[in-house]
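Scroll down for the structure; my scribbles are underneath it.
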Amino acid sequence: MSRQGVADPVRALADYRRGDFLFATQQRTLFARGVEREVPFTGGSWRPSDLDDAATPLAVGVLPFDLTTGPAPRLVVPRELRVAGPAHERVRALPSRDVGVPERLVAVPEQDKHVDAVARALIPLRDGVLRKVVLARVLDIAFATDVDPARVLHNLIADNPDGFTYAAALPGGRTLVGASPELLVRRYGTHVVAHPHAGTAPRSTDPDVDEANARGLLASAKDKTEHALVVEAVVEALRPFCRTLDVPSAPSLAPTPAVWHLGTEITGELTEPDEVSALELATALHPTPAVCGTPTNAARELVGELEPFDRDYYAGAVGWVDAAGDGEWAVAIRCAEIADRSMRLYAGGGIVAASDPDAELRETSAKFNTLLQAMGVDLDP
Ligand SMILES: C=C(O[C@@H]1C=C(C(=O)O)C=C[C@H]1O)C(=O)O
């Protein structure tokens with residue numbers, strides 16, 4: 001990755017303002033500001049050499065959930081780039097920031113309607129027409145004053161030491177903020193890594209319950225099925241590009257502060273690294289059955305029928321790619337879109353034939369906690 005000086009991660013975060021891009025991982029904090037130019041990304045035709053003459057030979061941004069009918073990908077070559085070390089530990093030592101007091105909260109759909117939607121999805125799943133579908137719901141939260149994305153971002157970084165914490169500008173002055181545990185794909189030279197997550201159990205403050213939840217997840221046939229479909233799809237999507245692929249035979253526990261997941265880290269070596277950038281790998285993989293379903297098109301159609309809102313950039317991807325084709329893309333989940341005085345929080349879960357609609361509702365509630373905690377809000381969504 002090219003860099004313009006090594007920056008201080010806390011300073012970069014303190015400087016963050018609406019419109020900037022920030023991507024914080026255990027390895028580094030990437031901060032980008034301004035638009036030297038927009039990258040007209042329309043899918044497979046893009047080449048990293050498009051960045052060769054840029055002052056900052058790197059593009060950052062977001063892909064929508066639906067690359068054909070959704071909003072356009074927003075990828076920019078920034079005017080300013082700062083790359084710093086990891087931010088989490090130092091930010092955690094700082095006081096949390098006040099996000100404001102929510103005035104009104106609307107669940108879309110209402111909780112019982114989400115349960116109904118899951119029950120409806122079970123029909124094609126039990127008929128065998130579909131193997132998995134991911135259904136999401138949103139919380140629309142209104143505030144009396146403007147919400148500052150920098151404050152939410154600060155708290156997300158403090159709360160979530162692992163994974164990918166991000167803020168990215170969206171069209172219309174909105175900001176996508178989130179803390180995703182899930183690596184869609186990373187490419188460095190010939191080396192490729194994907195770390196799909198699927199299968200979820202709640203965390204508990206009682207250590208015995210917490211451990212029992214984790215053990216239950218590892219043993220759950222339903223969750224293992226949900227997970228295996230994602231691994232299968234990721235391997236299938238990566239195989240044409242890779243001369244070797246290492247796929248663990250069973251998933252591992254992947255904890256976040258809000259939930260337990262099953263995760264499988266898949267690594268590979270590219271056959272022709274000059275031919276495929278991190279961004280192209282991301283679009284070859286996206287949307288995985290972790291956020292859409294199996295088979296992909298039928299699942300996407302059902303998502304459109306059953307979810308009474310547009311996913312927009314939720315369940316898309318967020319990350320960066322440089323002129324060498326290296327880059328890192330996280331699945332854009334555990335996130336919210338911030339617009340002036342409102343926030344829209346998203347959470348979804350994978351449904352298979354053995355799923356229980358009430359448990360699926362609880363799973364989305366647990367996932368909302370990543371954002372609600374960063375907002376200092378304690379409620380049962
Ligand atoms: C769709 C979301 O999460 C995805 C769905 C999961 C599941 O169904 O178990 C687990 C991790 C994510 O891949 C979300 O957080 O909104």
Side-chain angles (χ1 to χ4, degrees), residues 65 108 114 117-118 121 125 131-139 156 160 162-166 176-185 194-203 213-214 216-218 220-231 233-234 251-266 285-294 299-300 303 306-307 309 311-318 329-337 344-357 359-372 381:
F65 168 67
V108 183
H114 183 72
V118 175
L125 288 164
R131 294 169 77 198
K132 175 174 177 178
V133 65
V134 178
L135 290 183
R137 60 192 189 98
V138 304
L139 293 181
L156 282 171
N160 296 276
D162 303 320
F164 309 86
T165 303
Y166 53 91
L176 185 72
V177 290
S180 171
E182 190 166 355
L183 173 69
L184 179 61
V185 70
H195 196 171
H197 286 42
T200 304
R203 299 298 306 257
N213 288 353
L217 178 63
L218 271 178
S220 155
K222 183 219 90 157
D223 288 283
K224 284 194 270 191
T225 305
E226 237 182 282
H227 188 80
L229 290 169
V230 187
V231 172
V234 168
S252 318
L253 282 173
T256 80
V259 289
W260 291 103
H261 285 309
L262 296 179
T264 298
E265 190 176 75
I266 297 164
L285 285 161
H286 176 73
T288 77
V291 292
C292 184
T294 314
R300 187 168 23 213
V303 166
L306 293 179
E307 288 181 356
F309 57 89
R311 287 192 175 191
D312 230 25
Y313 295 88
Y314 158 69
V318 54
W329 292 83
V331 182
I333 50 175
R334 312 303 141 79
C335 60
E337 283 179 10
R344 168 165 275 199
L345 278 55
Y346 296 86
I351 325 286
V352 292
S355 293
D356 166 44
E360 292 303 329
L361 177 71
R362 288 196 295 276
E363 180 173 322
T364 51
S365 301
K367 287 172 174 165
F368 280 129
N369 278 330
T370 301
L371 260 294
L372 291 174

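When a ligand or atom number is given, it counts from 1 through the structure's own listing order. Nothing here was measured: the structure is a model prediction, and the numbers come from that model. Residues take their numbers from the sequence shown, with the count starting at 1.
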Problem - Evaluation steps, side-chain contact (heavy atoms from CB on, under 4.5 Å), between Leu218 and Leu262 - result: CA-CA 7 Å; Leu218 271 178; Leu262 296 179; 3.9 Å; yes
Practice task
Walk me through it: do Leu125 and Val133 pass the test side-chain contact (heavy atoms from CB on, under 4.5 Å)?
Solution key: CA-CA 8 Å; Leu125 288 164; Val133 65; 4.2 Å; yes
Problem - Polar side-chain atom of Glu226 near backbone of Ala198 as donor-acceptor pair, under 3.5 Å - result: no
Handout entry: Mutual orientation of the aromatic rings belonging to Tyr346 and Tyr314 [parallel < 30°, tilted 30-60°, perpendicular > 60°]
Key = parallel
Handout entry: Residues in contact with ligand 1, criterion: heavy atom under 4.0 Å
Key = Val134, Glu182, His197, Ala198, Gly199, Thr200, Glu226, His261, Ala290, Tyr314, Ile333, Arg334, Ala347, Gly348, Gly349, Gly350, Glu363, Lys367
Exercise for the section: Please report the C-alpha distance between Arg137 and Ser365 in whole Å, then the side-chain angles of each, then the deciding distance to 0.1 Å, and finally whether the side-chain hydrogen bond (donor to acceptor under 3.5 Å, both in side chains) criterion is met. Expected result: CA-CA 9 Å; Arg137 60 192 189 98; Ser365 301; 3.0 Å; yes
Handout entry: Check: Thr256/His261 side-chain N/O donor and acceptor closer than 3.5 Å
Key = no
